[in-house]
Participant: 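A single structure is presented below for examination.
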Amino acid sequence: MEPIKKYEDFKAKTEGDDKIIVKFFAGWCPDCTAMNMFIDPIMEEYNHIDWYELNRDDVPEAAEENEVMGIPSLLIFQNGEKLAHLHSANAKTPESVTEFLKENA
């Protein structure tokens, strides 16, 4: 997963023609660490989409403008528009992440 470290980079990536997935996380978040333990096979299954990760503490404006209140959260973007948002409460198992991607990716 490629990191996004600046707001300008976030805007550039999300405004592209292709769908992308951005995982919002924080280094202090235990649920984010748990997601990291199961996300690799899911990323491999959905490798036709570019995956990025964004530390919400480093780029708070991206989290705020996309209403990322809890982490980890997965958001799908295309052409500058947020198409889907898997909120943290629903992002705790591989099954919930896979179901979200089946419906939205």
Participant: Considering all heavy atoms of both residues, which atom of Cys32 and which atom of Ala26 are nearest to each other, and what is their separation?
Facilitator: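 Minimum heavy-atom separation between Cys32 and Ala26: SG-N, 3.7 Å.
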Participant: Please check: side-chain N/O of Asn55 versus main-chain N/O of Asp57, any donor-acceptor pairing under 3.5 Å?
Facilitator: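 Yes, because the side chain of Asn55 sits within donor-acceptor range (under 3.5 Å) of the backbone of Asp57.
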Participant: To check you understand the geometry: which heavy-atom pair defines the closest contact between Ala91 and Pro72, and what is its length?
Facilitator: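 Looks like CB-O, 3.7 Å.
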Participant: With a 4.5 Å cut-off on side-chain heavy-atom distances among I, L, V, M, F, W and Y, is there a chain of contacts connecting Met37 to Leu74?
Facilitator: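 Result: no, two separate clusters.
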Participant: If two hydrophobic side chains count as joined below 4.5 Å and joins carry through other members, does Val68 share a cluster with Phe25?
Facilitator: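 Per the 4.5 Å side-chain linkage, Val68 and Phe25 are not co-clustered.
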Participant: Is the backbone of Lys5 close enough, under 3.5 Å, to the side chain of Asp9 for a donor and an acceptor to pair up by distance?
Facilitator: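 No, because the side chain of Asp9 does not come within donor-acceptor range (under 3.5 Å) of the backbone of Lys5.
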Participant: Treating Ile, Leu, Val, Met, Phe, Trp and Tyr as nodes and any side-chain heavy-atom pair under 4.5 angstrom as an edge, say whether Val22 and Ile42 lie in one connected cluster.
Facilitator: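 Different clusters.
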Participant: Between Asn47 and Met43, is there a donor-acceptor pair closer than 3.5 Å when you use the side chain of the first and the backbone of the second?
Facilitator: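 The answer is no, because no donor-acceptor pair under 3.5 Å joins these two groups.
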Participant: Kindly compute the distance separating CZ (Phe38) from OG1 (Thr98), expressed to the nearest 0.5 Å.
Facilitator: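 Rounded to the nearest 0.5 Å, the CZ-OG1 separation comes to 8.0 Å.
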Participant: Would you call Glu65-Lys11 a salt bridge at under 4.0 Å N-O?
Facilitator: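 So Glu65 pairs with Lys11 through a salt bridge.
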Participant: Give the ring-plane orientation class for His85 versus His87, where under 30° counts as parallel, over 60° as perpendicular and anything between as tilted.
Facilitator: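 His85 vs His87 ring planes: parallel.
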Participant: Can you find a heavy atom in the side chain of Leu86 that is under 4.5 Å from one in the side chain of Val97?
Facilitator: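 The answer is yes, as the side chains (C-beta and beyond) meet within the 4.5 Å cut-off.
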Participant: State, yes or no, whether a side-chain contact exists between Ser73 and Leu75 at a heavy-atom distance under 4.5 Å.
Facilitator: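 A side-chain contact under 4.5 Å exists here.
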Participant: Hey, any chance Leu101 and Leu83 share a hydrophobic cluster, counting ILVMFWY side chains that come within less than 4.5 Å of each other, even indirectly?
Facilitator: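 Yes; tracing contacts between hydrophobic side chains, which count when under 4.5 Å, links both residues.
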Participant: Does Thr14 use its side chain to pair, donor to acceptor, with the backbone of Gly80 at less than 3.5 Å?
Facilitator: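 No; zero donor-acceptor contacts below 3.5 Å.
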Participant: Using only atom types and a distance under 3.5 Å, with no angle test, would you say the side chain of Lys13 pairs donor to acceptor with the backbone of Ile20?
Facilitator: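 The answer is no, because no donor-acceptor pair under 3.5 Å joins these two groups.
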Participant: Would you please name every residue forming a ring-ring contact (aromatic ring centres under 6.0 Å, His included) with Phe77, sequence neighbours left out?
Facilitator: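 Phe77 satisfies ring-ring contact (aromatic ring centres under 6.0 Å, His included) with Phe10 only.
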Participant: If hydrophobic clusters are built from ILVMFWY residues whose side chains come within less than 4.5 Å, do Phe100 and Met1 share one?
Facilitator: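 Hydrophobic grouping puts Phe100 with Met1.
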Participant: Give me the atom names and distance for the closest heavy-atom approach of Asp17 to Gln78.
Facilitator: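 The pair with the smallest heavy-atom distance is O-NE2, 2.7 Å.
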Participant: Is there side-chain contact between Val59 and Phe24, with at least one heavy-atom pair below 4.5 Å?
Facilitator: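 SC-SC contact between Val59 and Phe24 ruled out.
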Participant: Compute whether any side-chain donor of one residue and acceptor of the other, for Asn36 and Lys23, lie under 3.5 angstrom apart.
Facilitator: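 Note: Asn36 and Lys23 side chains meet the donor-acceptor criterion.
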Participant: More than 12 foreign heavy atoms under 6.0 Å from CD of Glu67: is that the case here?
Facilitator: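 It does not: Glu67 CD has 12 such atoms or fewer within range.
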Participant: Among all residues two or more places apart in sequence or in another chain, which pass the salt bridge (Lys or Arg N to Asp or Glu O under 4.0 Å) test with Lys92?
Facilitator: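 By the salt bridge (Lys or Arg N to Asp or Glu O under 4.0 Å) rule, Lys92 matches Asp31.
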Participant: Is Trp28 close to Ile71 at the side-chain level, that is, under 4.5 Å between some pair of heavy atoms?
Facilitator: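 Heavy-atom side-chain distance check passes, below 4.5 Å.
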Participant: Would you say that more than 12 heavy atoms from the other residues, nucleotides or ligands in this model lie under 6.0 Å from the CD of Glu44, or not?
Facilitator: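 Not buried by this count: 12 neighbours or fewer within 6.0 Å.
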Participant: Looking only at heavy atoms, which two atoms of Lys82 and Asn66 are closest? And how far apart?
Facilitator: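 Minimum heavy-atom separation between Lys82 and Asn66: NZ-O, 2.9 Å.
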Participant: At what distance, to the nearest 0.5 angstrom, does CG of Asp50 lie from CD1 of Ile21?
Facilitator: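 Rounded to the nearest 0.5 Å, the CG-CD1 separation comes out at 9.0 Å.
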Participant: Could you go through the side-chain contact (heavy atoms from CB on, under 4.5 Å) check for Leu54 and Tyr52 one step at a time?
Facilitator: CA-CA 7 Å; Leu54 184 148; Tyr52 299 93; over 6 Å; no
